Amino acid sequence: MAARRIELMVCTGTGCVAGGAFRISEVLEEEIKKQGLENEVSVVITGCNGFCGQGPLLVVLPDGIFYGFITPEDIPFLVQEHLLKGRPVKRLMFSPPEKKEPIPLISEIPFFKKQLLVVLRNKGIIDPEKIDDYIARDGFAALEKVLSSMTPEDVITEITRSGLRGRGGAGFPTGTKWKLCRSEEKEPKYIICNTDEGDPGAYMDRSVFESDPLSPIEGMIIGAYAIGASHGYIYARTEYPLAISRMKLAISKAKEYGLLGNNILGTDFSFDLEIRQGSGAFVCGEETSLIYSIEGEYPDPRQRPPFPAQSGIWGCPTVINNVETWSNVPVIINRGADWYSKTGTETSKGTKIFSLVGKVNNTGLIEVPMGISLKEIVYDIGGGIPDNKKFKAVQTGGPSGGCIPDSMIDLPIDFESLTQAGSMMGSGGMIVMDEETCMVDVAKFFIQFTNDESCGKCSTCRDGSEAMLDILTKITDGEGTEDDLIFLEEIGNAVKDASMCGLGTTLPNPVLSTLQYFRDEYEAHIKEKRCPALVCKNLIKYYIIPDKCIGCKKCLKECPEEAIKGDLKYVHIIDQSKCNKCGTCLDVCPKKVSAVVKVTGKEMEDILGIEDPYPVIRKKRRKDEN
Amino acid sequence: MAPLTLDDLRKKREEARKEIYLREGKYKSKITVHMGTCGIAAGAREIVSAFLGEIEALSAKDVMLTTSGCAGLCSMEPMATVELLNSPSVKYVKLTPEKVKEIFKVHILGGKIVTDYAIGIGSEKAG
């Protein structure tokens, strides 16, 4: 390629693609040609940039200017102003909610500033569909080092010394797992990359494959060399089409380059890799279940030991690690265990990727050093809670993690601290909740998910989750009793103790942690029939404050149930017997009027008790009557 | 393509690095071509191409070429500002592709200011 003066890095992670990123890159190419800049400027598609809340987005290099929320209509102006005349376009830059001035440079945006990129070192810099881009950024340098100067034992020692622990959730030391597998006599041995990511709100693994697919693949080749495996599988969800297509392309390119297959890079070492697609059962993320799924068997988890490292796929020794774990391997080999272990805490080394979602200003994919506080993640990187609402909790570790309350916001993020707090690292989902989130409802939501996904093998998991769901439903319906809380805790602990696999042993976490930190909310539901966050439909009513209503007919027209009576300039009234509590009236009522409110508990009874059971149209008092 | 050996891979990496140097942001010098309406009318786009041509021809991998608006001396366009690491910027005026060639060799690669084409060293004070 001829020299260029500007490269436009257009994010094409799934989020931005859904927002029209491919169209953006096409229009950019057209416009660049139209303005005669095709010999000076090139468009590069990249994987997930991370700042998903701003998509579709692009970064202009080498200037380092970040543009978000781009539409095809913005492009002619952008090309003319920035690319031709060198005047960056302010209105497309990122502005933090509280500030008026935009921040032009990506390096200055707080969302990016506190991050430390190890696994995502190539995100937004390489084209994930070009193997040469990966190679240019030290890609396969670790493999080169391993094959030319390290024995398998050296590799295992280096990984062990680095302190790397499994990023799939459990945090098992990777080096120990590899050593165990290497010491097994049975041949052949296998490698698996677990890409079965099913937590609501989590997309770390998908993003790694979308932005830098060769990094985990290089990690797997090195792992295979270390344990003596000749064949590997990437197990991915079929609902990740973009990640899978980039994975496939990466594997075929690696084969073409002699980096996979027989006699890798001209040495004696041979290793091959194939993709297996799962259909999206949550339990398949559990390693023994995943192995059955690859074998074509019914994916029931089984008792361990024997661990997969001893007896895995087809009964052979198998190392199964998560995508992020594999992606750490080339970096550790390249830069050394000493460098790697400088980052992180005493027992949790390196970095961790989180998908930061929920009630937070800057949603997206972040990579941070282990030991960073929850506060730094939510406020510095996440930019705080939208509309200045109050922060309530963070749910970490997906549906089987726990909720960490406001009072523990200084908690350092590492494997041990999270477990002690009643949650877990999990694979890295992080859902932020504000004062408008009902913790009982959240617990119900996650139990609904795990109850649905339970494979049914253990009665504690199958029936326990069902029983917990029944109680939680009762409580959110306003029919709970105080005994329910005791029972809920008892079942939770029983499910935790008596279930076999990770799904069952962790599924009570959302309930137990919310019971621990937010017991007052449960009690409000039970004793006062009150939902403090105004979420649980059976415990709230919508009410139009007569003194505030201006009779504009907005809510009346929008109400899908036609439950609102009134007329122009006449106060509107909600017929509670028809209201389905969809909240449309609250949304459409003009901000400066704000006549619609949600009420719960005693307040609800007080206000609505005096209400005429049949809606009447009341004339709004005119000023001259005073 | 034939499978690579260890040596091929190293060579491939060197080649591939040249393609992505822009993205890594390591520069020793920065050229800014002024592209206000006046600059474009006076032929600034040709100057950009000329600089780009030099970068390519001489495989200069640590030079950043960028554009900016009018420098305020419209009668002297096309203009460019050249900055070497740790030295003040120099403004060149009334550029032609031939002058660009010379500036590139003597100043950007050689480190010596081409005083014949320069109008001044340093920039105005920012208010």
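For the numbers below, each heavy atom of this structure counts, side chains included, while hydrogens, waters and symmetry mates do not. Numbered from 1 within each chain, the chains take letters A, B, ... in sequence-line order. The structure displayed is predicted, hence computed values, not measured ones.
Heavy atoms closer than 4.5 Å to chain B are found nowhere in N263(A), neither backbone nor side chain. Contact annotation for L83(A): only backbone heavy atoms (N, CA, C, O) come within less than 4.5 Å of a heavy atom of chain B. Heavy-atom distances place no part of A44(B) under 4.5 Å from chain A, backbone and side chain included. Of the atoms belonging to I31(B), not a single heavy atom falls under 4.5 Å from chain A. Using a 4.5 Å cut-off between heavy atoms, V44(A) touches chain B through its side chain atoms alone.
Side-chain contact between R5(A) and L37(A): present, with at least one pair of heavy atoms (C-beta onward) separated by less than 4.5 Å. Residues I135(A) and R17(B) fail the side-chain proximity criterion, which asks for heavy atoms closer than 4.5 Å. Side-chain contact between Y117(B) and E102(B) is present, with heavy atoms from C-beta onward closer than 4.5 Å. Residues F94(A) and L57(A) form no side-chain contact, since every pair of their non-hydrogen atoms from C-beta on lies 4.5 Å or further apart. Within the 4.5 Å cutoff, no side-chain heavy atoms of F66(A) are placed close to those of L58(A). Side-chain contact check for P104(A) versus P88(A): every heavy-atom pair is 4.5 Å or farther apart. Inter-residue side-chain proximity for P128(A) and S211(A) is flagged as unmet; no heavy-atom pair is nearer than 4.5 Å.
In terms of heavy atoms, H82(A) sits closest to T67(B) at O-OG1, 3.9 Å.
Using a 3.5 Å distance cut-off with no hydrogens or angles, the side chains of D116(B) and Y92(B) do not pair a donor with an acceptor. For the 3.5 Å distance criterion, the side chains of T32(B) and S68(B) fail to qualify, holding no donor opposite an acceptor.
The greatest number of non-hydrogen atom pairs below 4.5 Å with chain B, out of G261(A), G266(A), A141(A), G64(A), is found for A141(A). Per-residue counts of heavy-atom pairs under 4.5 Å with chain B were compared for L143(A), V59(A), D138(A), L147(A); the largest is that of D138(A). For chain B, the option among E81(A), R87(A), E144(A) with the highest count of heavy-atom pairs below 4.5 Å is E144(A). Taking L4(B), T5(B), L65(B) one by one and counting their heavy-atom pairs under 4.5 Å with chain A, the maximum is reached by L4(B). Among T267(A), I126(A), L84(A), D127(A), the residue with the largest count of heavy-atom pairs under 4.5 Å with chain B is L84(A).
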Query raised in the report: Checking ring-ring contact (aromatic ring centres under 6.0 Å, His included) for the pair F51(A)/F112(A): CA distance, chi angles, key distance, verdict?
Result: CA-CA 8 Å; F51(A) 208 171; F112(A) 296 100; 5.6 Å; yes
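Interface with chain A: from residues 8-15 of chain B, residues L9(B), R10(B), K12(B), R13(B) qualify, criterion being any non-hydrogen pair under 4.5 Å.
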